[in-house]
Structure formats: structure tokens, C-alpha cells
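What follows is a single structure, written as C-alpha cells, with notes after it.
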2 protein chains.
Amino acid sequence: MAKIPLDPIANADQTDVCLPQPILLRLSPDSARRLAGILKAMGHPVRLQIMDILSRGGGQMCVCDLEQYFDLTQPTISHHLKVLRAEGLIDAEQKGLWIYYHVRASALKAMRALLLSFGGNEDG
Amino acid sequence: MAKIPLDPIANADQTDVCLPQPILLRLSPDSARRLAGILKAMGHPVRLQIMDILSRGGGQMCVCDLEQYFDLTQPTISHHLKVLRAEGLIDAEQKGLWIYYHVRASALKAMRALLLSFGGNEDG
DNA sequence: GCGCTATATTGATGTTTATCAATCTATTCG
DNA sequence: CGAATAGATTGATAAACATCAATATAGCGC
């Protein structure tokens with residue numbers, strides 16, 4: 001099988017750019033690193049549950065609210081929040097003594113696009 | 001904020017099951033573990049690129065084909081394939097001396113559903 | 001059976017990660 | 001200012017992970 005060429009402009013703004021055979025261009029190592037970072041951040045049960053809880057919390061969930069869901073210490077929860085934030089998956093907003101976290105939509109959109117590109121639209 | 005209750009039947013077949021407030025049921029720890037496992041498997045640049053390459057390879061990509069894309073030894077590629085296979089993301093089919101790998105659609109569908117539940121459908 | 005080839009497994013090593021206890025920072029309230 | 005509280009940071013430790021070299025397995029052709 002022929003080697004699929006690398007897409008050198010995978011992350012560039014491709015509006016109106018017409019490539020000869022876009023389907024044969026694979027993910028660049030840079031894009032792979034970025035997207036893998038996002039997946040890795042979500043790839044921990046606690047962090048995935050944090051994402052889930054935040055997504056249902058209406059943007060009004062502080063760290064002390066999160067703590068009650070897990071059998072973990074506060075620094076550990078704080079660490080997981082930091083990992084998610086570093087990958088741009090969540091955002092924080094301080095209000096007085098509390099810090100409210102909420103899910104950022106943009107990273108999720110990139111992930112859905114990626115999964116779609118991998119296929120799996122058929123039934124079953 | 002009130003604590004969001006846990007969904008005890010998150011993985012059951014929910015066809016026609018009518019829950020009072022489904023939006024307030026969070027991911028069960030079991031579902032979180034399973035889905036996090038899938039995300040974690042994809043959360044490595046090499047494995048993500050393998051998924052990408054396989055998804056474009058039309059199901060006719062053997063390990064020796066994959067090797068040329070990476071600066072890694074054959075056992076390392078083999079290891080990553082094993083990780084992806086263990087999580088049900090890819091499948092293998094032996095034909096003579098070669099083993100052909102292809103992406104499994106079902107795991108990807110579960111992931112897309114999860115990401116949709118986290119929100120991020122708006123523009124921007 | 002024998003050599004060749006494709007892939008998997010094992011074992012070792014260095015790196016990263018998850019977690020906690022202890023401590024620090026910053027904000028509110030008196 | 002001082003006490004209380006929410007959350008972050010640091011440092012330590014054990015577990016998990018990525019990688020390679022070496023070796024094993026298994027199918028093919030002679």
C-alpha cells in the first residue's frame with residue numbers, strides 16, 4: 001500500500017484552499033500531539049467524571065462542590081482540574097472566595113471532528 | 001448546588017425507558033472507567049496517528065506498512081496496536097503472513113455520543 | 001524439515017503520572 | 001489586623017507507561 005502523504009497545513013485556515021486529494025492527507029505529528037493531549041486529559045476516570053459533572057452544572061460548580069463526588073483529597077481534585085485546564089477543556093472564573101469551572105466547547109468540537117474523520121457513521 | 005445523582009443504569013439498553021430528569025443523571029464510575037480507557041488509548045500521539053492512518057488505509061494496512069510512518073521499532077508499534085486493540089478501537093485479521101488492522105466503528109460512536117453530552121454544539 | 005519473513009512477547013530502563021500530607025496564597029468578614 | 005475559608009502548590013512515593021534489544025512464534029516457499 002502506498003504511503004499516505006503528510007498534510008503540512010493541517011492546522012492552517014483552509015478556507016477556499018483546494019487540495020488535490022484531501023482524503024489521502026494524514027494527521028500531522030503536530031496535530032496528533034495536540035489532539036492526543038486533549039484525549040489524554042479526558043482519559044482518566046476522575047477527569048472524565050469532572051467533565052461530565054461540570055457539563056451538567058450550568059457553570060456554577062466550584063471545587064468544593066466537586067469534592068463530594070469523589071473519595072479524593074482536595075489537592076488531587078485541584079490537580080485534575082489543572083490538567084483539564086492546561087488542555088483548554090475547562091475554564092475558570094473567580095467570584096469572591098470561590099472559583100467556578102465550566103466546560104469549554106471549542107476543544108470538544110475539535111474532538112468530534114476528529115472522530116468523524118476516523119469513520120464510524122454506519123449503523124452497528 | 002445540589003449534588004447530581006448517579007445513573008445506575010447508564011449502560012443498560014434504555015430504549016423506551018422514560019426517566020424523570022435524565023439531564024441530571026451523571027456518568028457512572030463504571031461508564032467513566034470504560035470511556036476513559038478508550039480516550040486514554042487514543043491519547044498518545046503515535047496511537048492517534050495509527051488510528052488516523054488505519055482509518056484512511058481501507059482496511060488493508062499491515063504492521064510493516066505502519067512502521068514506515070514512525071521512527072520507532074517494530075515491537076513498539078506492535079505494543080501500541082495491542083493497546084488500541086485491548087480497548088476495542090481496532091481489529092485485526094490475519095491473511096497468511098500479514099496481519100491487517102482496521103478501525104472499529106462502534107467505540108468511536110460511543111465517544112461521539114459522550115462528547116455531544118458534554119455540550120459544545122453552539123457556534124464558536 | 002529449513003530458512004525467511006511478519007508480527008508478538010519478554011525483560012529492562014528511564015520517564016511520567018496519581019495521590020496524599022503539609023504548606024502556601026488569596027479573599028472575605030469581623 | 002486577625003481568623004476563617006477556598007483553592008493552589010510543593011514534595012514525596014508508588015504505580016503505570018513508553019521504549020528498545022533480544023527472543024519467540026507462526027506462516028510461507030523450497
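Numbered from 1 within each chain, the chains take letters A, B, ... in sequence-line order. Keep in mind it's a predicted model, so treat the numbers as computed, not measured.
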State whether [X] places a side-chain N or O below 4.0 Å from either non-bridging phosphate oxygen (OP1 or OP2) of [N].
| X | N | answer |
| --- | --- | --- |
| A:T73 | C:dC20 | yes |
| B:K82 | C:dA8 | no |
| A:Y101 | D:dA8 | yes |
| A:H80 | C:dT19 | yes |

To the nearest Å, give me how far apart [atom1] ([X]) and [atom2] ([N]) are.
| X | N | atom1 | atom2 | value |
| --- | --- | --- | --- | --- |
| A:I99 | C:dT28 | CD1 | P | 12 Å |
| B:D71 | D:dC20 | CG | C1' | 12 Å |
| A:L84 | C:dA18 | CG | P | 10 Å |
| B:I77 | C:dT9 | CD1 | C1' | 16 Å |
| B:Q94 | D:dG27 | CD | P | 6 Å |
| A:D65 | D:dT5 | CG | P | 17 Å |
| A:I90 | D:dG7 | CD1 | C1' | 13 Å |
| A:H44 | D:dA16 | NE2 | C1' | 11 Å |

field: Earlier contact from the 5' end, DNA chain D, for B:T76 and A:E67
entry: A:E67
- prompt: With a 4.5 Å heavy-atom cut-off, do A:Y101 and A:D91 have their side chains touching?
  reply: no
Residue [X], side-chain heavy atoms: nucleotide from [options] that is nearest:
| X | options | result |
| --- | --- | --- |
| A:K40 | C:dT7, D:dC20, C:dT17 | C:dT17 |
| B:P75 | C:dA8, C:dT7, C:dT27 | C:dA8 |
| A:H79 | C:dT19, D:dA8, C:dT7 | C:dT19 |

task: Measure the spacing between CD of A:E87 and CZ of A:R104 and express it to the nearest 0.5 Å.
output: 11.5 Å
So what does [X] hit on the nucleic acid, given a heavy-atom distance under 4.0 Å: a base, only sugar-phosphate, or nothing?
| X | result |
| --- | --- |
| A:R47 | sugar-phosphate |
| A:L72 | sugar-phosphate |
| A:L97 | base |

- line: Minimal heavy-atom distance between A:A92 and A:I99, with the atoms involved, is CB-CG2, 3.7 Å
field: B:V83 versus B:A41, closest heavy-atom pair with distance
entry: CG1-CB, 4.1 Å
- request: Output, in order, the C-alpha distance, side-chain angles, deciding distance and verdict of salt bridge (charged side-chain N to carboxylate O under 4.0 Å, His left out) for B:D30 and B:R34.
  value: CA-CA 6 Å; B:D30 270 1; B:R34 184 175 60 87; over 6 Å; no
- prompt: Is there a donor and acceptor pair closer than 3.5 Å between the side chain of A:Q74 and the base of D:dA8?
  reply: yes
